[in-house]
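Heads up: numbering here begins at 1 and tracks the sequence. No experiment lies behind these values; they were computed from the predicted model shown.
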Amino acid sequence: KSTKKQLKTQFDRAAEDILKDVQTQLHKEECPILVAGETSSGKSTFLNLLLGEDILPVATLSSTSTICEVKYGETRQAVVHVRLPDKAGSKHITIPLDGAEEHQKELERYMHVEGEKRETLSPAEKIEIFLPIALLKGGIVIVDSPGVGESEMM
């Protein structure tokens with residue numbers, strides 16, 4: 001069998017369509033790196049070590065309830081993409097990451113849902129964290145995810 005026929009059989013798509021998709025992916029400006037694993041396996045701890053600071057919440061039990069994308073940005077801030085708009089119609093909440101405890105606690109409220117609330121959807125669809133870290137320049141996006149098997153809602 002030719003390579004084209006093997007690809008068509010394996011992926012149920014023409015080789016030309018697969019190549020177009022690959023080319024599109026290669027031209028994207030962002031390169032996401034997903035960190036996935038079992039609940040409480042240390043994903044957030046690992047990422048905090050990699051980033052050189054404690055940005056992501058860490059707990060003995062599961063801690064990440066929302067997809068968190070860590071990206072390069074000159075301004076240290078988090079943008080929370082909420083599921084339901086506020087009274088003004090906005091679906092984004094910007095939280096400065098200036099070291100203030102109140103801002104860190106506000107961010108953690110969206111990142112980490114506790115107790116019985118873990119069986120419902122988090123109020124945030126995702127959180128983008130922007131940090132001026134050289135590792136993230138050039139479009140690298142580190143994605144922290146809830147643990148595999150965390151809950152059916154996540």
(message) According to salt bridge (Lys or Arg N to Asp or Glu O under 4.0 Å), who are the partners of Glu53, at least two apart in sequence or on a separate chain?
(response) Arg76
(request) Give, for atom CD1 of Ile142 and atom CG of Leu34, the distance between the pair rounded to the nearest 0.5 Å. (result) 11.0 Å
(request) Give the minimum heavy-atom separation between Phe130 and Leu97, together with the two atoms involved. (result) O-CD1, 4.4 Å
(message) Testing the basics here: between Ala124 and Thr66, what is the closest heavy-atom pair and its distance to 0.1 Å?
(response) O-CG2, 3.6 Å
(request) Before giving the answer on side-chain contact (heavy atoms from CB on, under 4.5 Å), spell out for Val141 and Val70 the whole-Å C-alpha distance, their side-chain angles and the decisive distance to 0.1 Å. (result) CA-CA 6 Å; Val141 177; Val70 185; over 6 Å; no
(message) Just verifying a value: how many Å separate Ile67 CD1 and Glu128 CD, rounded to the nearest 0.5 Å?
(response) 12.0 Å
(message) The test is side-chain contact (heavy atoms from CB on, under 4.5 Å); show your working for Ile127 and Met111 and say whether it passes.
(response) CA-CA 8 Å; Ile127 299 170; Met111 287 179 150; 3.5 Å; yes
(request) Would you please name every residue forming a salt bridge (Lys or Arg N to Asp or Glu O under 4.0 Å) with Lys126, sequence neighbours left out? (result) Glu69
(request) Please tell me if the side chains of Ile95 and Val80 come closer than 4.5 Å, counting only heavy atoms from C-beta onward. (result) yes
(request) Could you tell me the separation between the CZ atom of Arg83 and the NZ atom of Lys91, rounded to the nearest 0.5 Å? (result) 9.0 Å
(request) Using side-chain hydrogen bond (donor to acceptor under 3.5 Å, both in side chains) as the criterion, list what pairs up with Glu101, not counting sequence neighbours. (result) Lys105
(request) For residues Ser90 and Val82, report the shortest heavy-atom separation together with the two atoms involved. (result) O-CG2, 4.4 Å
(message) Do His103 and Asp98 have side chains that approach each other closer than 4.5 Å (heavy atoms only, starting at C-beta)?
(response) yes
(message) Under 4.5 Å between side-chain heavy atoms, counting indirect links through other Ile/Leu/Val/Met/Phe/Trp/Tyr residues: same cluster for Val79 and Ile133 or not?
(response) no
(request) Examine Val35 and Leu135 and state if one hydrophobic cluster contains both, with Ile, Leu, Val, Met, Phe, Trp and Tyr joined whenever side-chain heavy atoms are less than 4.5 Å apart. (result) yes
(request) Quick one: pull up CD in Gln104 and CD1 in Ile55 and give me the separation to the nearest 0.5 Å. (result) 6.0 Å
(message) I need the His92 NE2 to Asp86 CG distance, nearest 0.5 Å.
(response) 11.0 Å
(request) Is it possible for you to say whether Leu131 and Leu49 belong to one hydrophobic cluster, with membership spreading through side-chain heavy-atom contacts below 4.5 Å? (result) no
(message) Quick check for you: to the nearest 0.5 Å, what is the distance between Cys31 atom SG and Leu136 atom CG?
(response) 11.5 Å
